Protein chains: 2
Amino acid sequence: METLGIGALAKRAGVGIDTVRYYERSGLLAPKTRLRSGYRRYSTAELARLRFIRRAQTLGFSLKEIRELLALSRDRDVARVKRAAQAKLADVEQRIAALERMRDGLAMLIAACPGHGDPTECPILRALGGEGPDALDLPCASAPHPGAP
Amino acid sequence: METLGIGALAKRAGVGIDTVRYYERSGLLAPKTRLRSGYRRYSTAELARLRFIRRAQTLGFSLKEIRELLALSRDRDVARVKRAAQAKLADVEQRIAALERMRDGLAMLIAACPGHGDPTECPILRALGGEGPDALDLPCASAPHPGAP
DNA sequence: CTTGACCCTGGACCTCGCTCCAGGGGCTAG
DNA sequence: CTAGCCCCTGGAGCGAGGTCCAGGGTCAAG
């Protein structure tokens with residue numbers, strides 16, 4: 001089976017060599033083997049894992065969370081694995097819902113803005129406003145009770 | 001008009017005093033005025049702005065991006081403001097789409113997992129796998145071309 | 001055997017987004 | 001006047017996630 005050196009792996013995944021080593025230090029990605037010289041050798045499984053890490057990161061997961069996700073594969077308790085996956089699903093769904101609220105708020109403002117004319121009429125400016133007395137209150141992610149923690 | 005000291009402002013927004021000062025240093029939030037003593041005074045407009053900053057952050061915007069969003073309110077060119085808002089909207093929509101792909105991938109794996117029995121049968125473990133030759137390839141955010149930047 | 005690309009370790013350094021001093025002043029109540 | 005609380009500035013420190021050496025070994029091609 002063809003294996004990759006750290007440079008080839010990094011290149012194929014579009015990351016820096018140092019980043020690969022950093023992930024290893026962080027317990028995210030170990031080389032499949034090492035040569036006697038100490039050189040790391042990776043298989044395509046590690047490449048896939050590395051790509052997964054990057055994808056998950058762009059979706060807002062921290063390395064710690066990704067480590068948890070990946071740790072599932074070491075876990076032999078299938079029921080626990082499934083519950084963990086469900087928890088991550090709920091997490092993802094919450095992120096989506098929050099972003100959808102912001103999307104709707106933005107879309108509404110854009111729709112209401114004529115795109116020309118008096119700046120004081122522009123709902124976007126009014127909403128973001130740092131001066132108007134009606135200020136901003138748009139893409140609201142639940143904060144109707146100023147007194148509540 | 002009633003104004004707030006930095007402590008009251010921070011409390012009402014649910015952030016630390018140091019955070020407010022940090023945002024000021026970062027050009028995100030200036031006090032409405034200062035007393036001769038140097039004390040910062042804020043109006044409810046600043047409170048709203050601060051809350052907006054926090055909301056936007058929880059939605060994954062960096063302080064730099066938030067600064068851009070807020071800078072729009074200083075911009076008197078309504079058309080440009082509208083375009084910037086549309087760009088942010090597109091950004092948010094992309095994040096949502098990426099998360100939806102991950103959600104669907106996770107949901108599929110969960111649905112396919114019986115939740116008990118042989119771990120080697122569990123699709124979640126197989127997908128996350130750090131050892132199986134079929135490895136993971138699930139919540140794919142477009143990466144079918146290993147050779148493309 | 002030499003050259004050049006590649007790799008090793010260990011540790012310093014960087015940006016972000018805070019968070020926490022130290023050392024001092026302002027303001028109000030008793 | 002003295003507490004006691006709030007506020008000021010400047011700067012250090014921290015965790016996350018890298019990024020960049022220095023100093024040295026490996027290895028394949030010529």
Side-chain angles (χ1 to χ4, degrees), chain A residues 2-43 46-47 49-71 91 95 141 149, chain B residues 2-43 46-47 49-71 91 95:
Chain A
E2 173 212 9
T3 68
L4 301 167
I6 192 171
L9 178 82
K11 195 165 191 178
R12 288 239 235 159
V15 309
I17 286 179
D18 283 342
T19 302
V20 175
R21 287 199 275 246
Y22 174 70
Y23 289 166
E24 184 174 345
R25 256 180 281 150
S26 309
L28 284 163
L29 182 71
K32 193 186 181 196
T33 57
R34 293 239 188 182
L35 302 183
R36 251 142 306 147
S37 57
Y39 282 30
R40 296 163 176 86
R41 301 306 306 190
Y42 300 90
S43 73
E46 277 80 51
L47 177 57
R49 195 180 171 93
L50 179 49
R51 286 194 175 128
F52 175 80
I53 293 167
R54 297 253 97 185
R55 261 181 269 132
Q57 264 188 305
T58 68
L59 296 182
F61 290 96
S62 69
L63 293 187
K64 192 178 163 200
E65 290 171 320
I66 295 169
R67 191 160 42 240
E68 286 162 28
L69 275 171
L70 290 170
D91 184 304
R95 287 169 201 252
Chain B
E2 172 212 11
T3 68
L4 302 167
I6 192 171
L9 178 83
K11 195 165 192 180
R12 287 239 234 158
V15 307
I17 287 179
D18 283 342
T19 302
V20 175
R21 287 199 275 247
Y22 174 71
Y23 289 166
E24 184 174 346
R25 257 179 280 151
S26 309
L28 284 164
L29 181 72
K32 194 187 181 194
T33 58
R34 293 237 187 184
L35 302 183
R36 251 142 305 148
S37 57
Y39 282 30
R40 295 162 176 87
R41 301 306 305 190
Y42 300 90
S43 72
E46 277 80 50
L47 177 57
R49 195 179 171 95
L50 179 49
R51 286 193 175 129
F52 175 81
I53 293 168
R54 298 253 93 186
R55 261 181 269 133
Q57 264 187 304
T58 68
L59 297 181
F61 289 95
S62 69
L63 293 187
K64 192 180 165 200
E65 289 172 319
I66 295 169
R67 191 161 40 238
E68 285 163 27
L69 275 172
L70 291 170
D91 184 303
R95 286 170 201 246

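First the proteins, then the strands, lettered A, B, ... as listed; each starts at 1. Keep in mind that what you see is a predicted model, and the values were worked out from it rather than measured.
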So do A/Tyr42 and A/Val20 actually touch side chain to side chain, heavy atoms under 4.5 Å? yes
By the 4.0 Å heavy-atom rule, please label B/Arg34 as base, sugar-phosphate, or nothing. sugar-phosphate
With nearest nucleotides of DNA chain C determined for B/Ser62 and B/Leu35 from heavy-atom distances, which residue corresponds to the more 5′ nucleotide? B/Ser62
What pairs with B/Arg41 under salt bridge (Lys or Arg N to Asp or Glu O under 4.0 Å), at least two apart in sequence or on another chain? none
Students often get this wrong, so: under 4.0 angstrom with heavy atoms, is A/Arg54 touching a base, only sugar-phosphate, or nothing? sugar-phosphate
For B/Ile17 and B/Gly7, which heavy atoms make the closest approach, and how far apart are they? CD1-CA, 3.8 Å
Give a yes or no answer on whether the side chain of A/Thr19 reaches the backbone of A/Val15 with a donor-acceptor pair at less than 3.5 Å. no
Taking side-chain hydrogen bond (donor to acceptor under 3.5 Å, both in side chains) as the definition, give me every residue that meets it alongside B/Tyr23, ordered by chain and number, with sequence neighbours left out. B/Arg54, B/Gln57
Can you list, in residue-number order, the parts of residues 13-27 of chain A that come under 4.0 Å of DNA chain D, counting heavy atoms only? A/Asp18, A/Thr19, A/Tyr22, A/Tyr23
Run the salt-bridge test on B/Glu24 and B/Arg49 with the 4.0 Å N-O cut-off and return the result as yes or no. no
Mind running side-chain contact (heavy atoms from CB on, under 4.5 Å) on B/Tyr22 and B/Leu63 for me, showing each step along the way? CA-CA 11 Å; B/Tyr22 174 71; B/Leu63 293 187; 3.6 Å; yes
Heavy-atom closest pair, residues B/Leu70 and B/Leu28: CD1-O, 4.0 Å
Between A/Arg51 (side chain) and A/Arg12 (backbone), is there a donor-acceptor pair under 3.5 Å? yes
What is the distance from CZ of B/Arg36 to C1' of C/dG26, rounded to the nearest Å? 12 Å
Residues which pass side-chain hydrogen bond (donor to acceptor under 3.5 Å, both in side chains) with B/Arg67, listed by chain and number, not counting sequence neighbours: none
Closer than 4.0 Å, any side-chain N/O of A/Arg40 to the OP1 or OP2 of C/dC7? no
Covered region of DNA chain D, 5' end to 3' end, by chain B [heavy atoms, under 4.0 Å]: D/dC6 to D/dT9
With sequence neighbours left out, write down each residue that passes side chain to side chain contact (heavy atoms under 4.5 Å, CB included) with A/Asp91, or none if nothing qualifies. A/Phe61, A/Glu65, A/Arg95
Protein-nucleotides 23-25 of chain C N/O pairs under 3.5 Å:
| from | atom 1 | to | atom 2 | distance (Å) |
| --- | --- | --- | --- | --- |
| C/dG25 | N2 | B/Tyr39 | OH | 2.4 |

Length of the line joining A/Leu4:CG and C/dC6:C1', which is rounded to integer Å: 14 Å
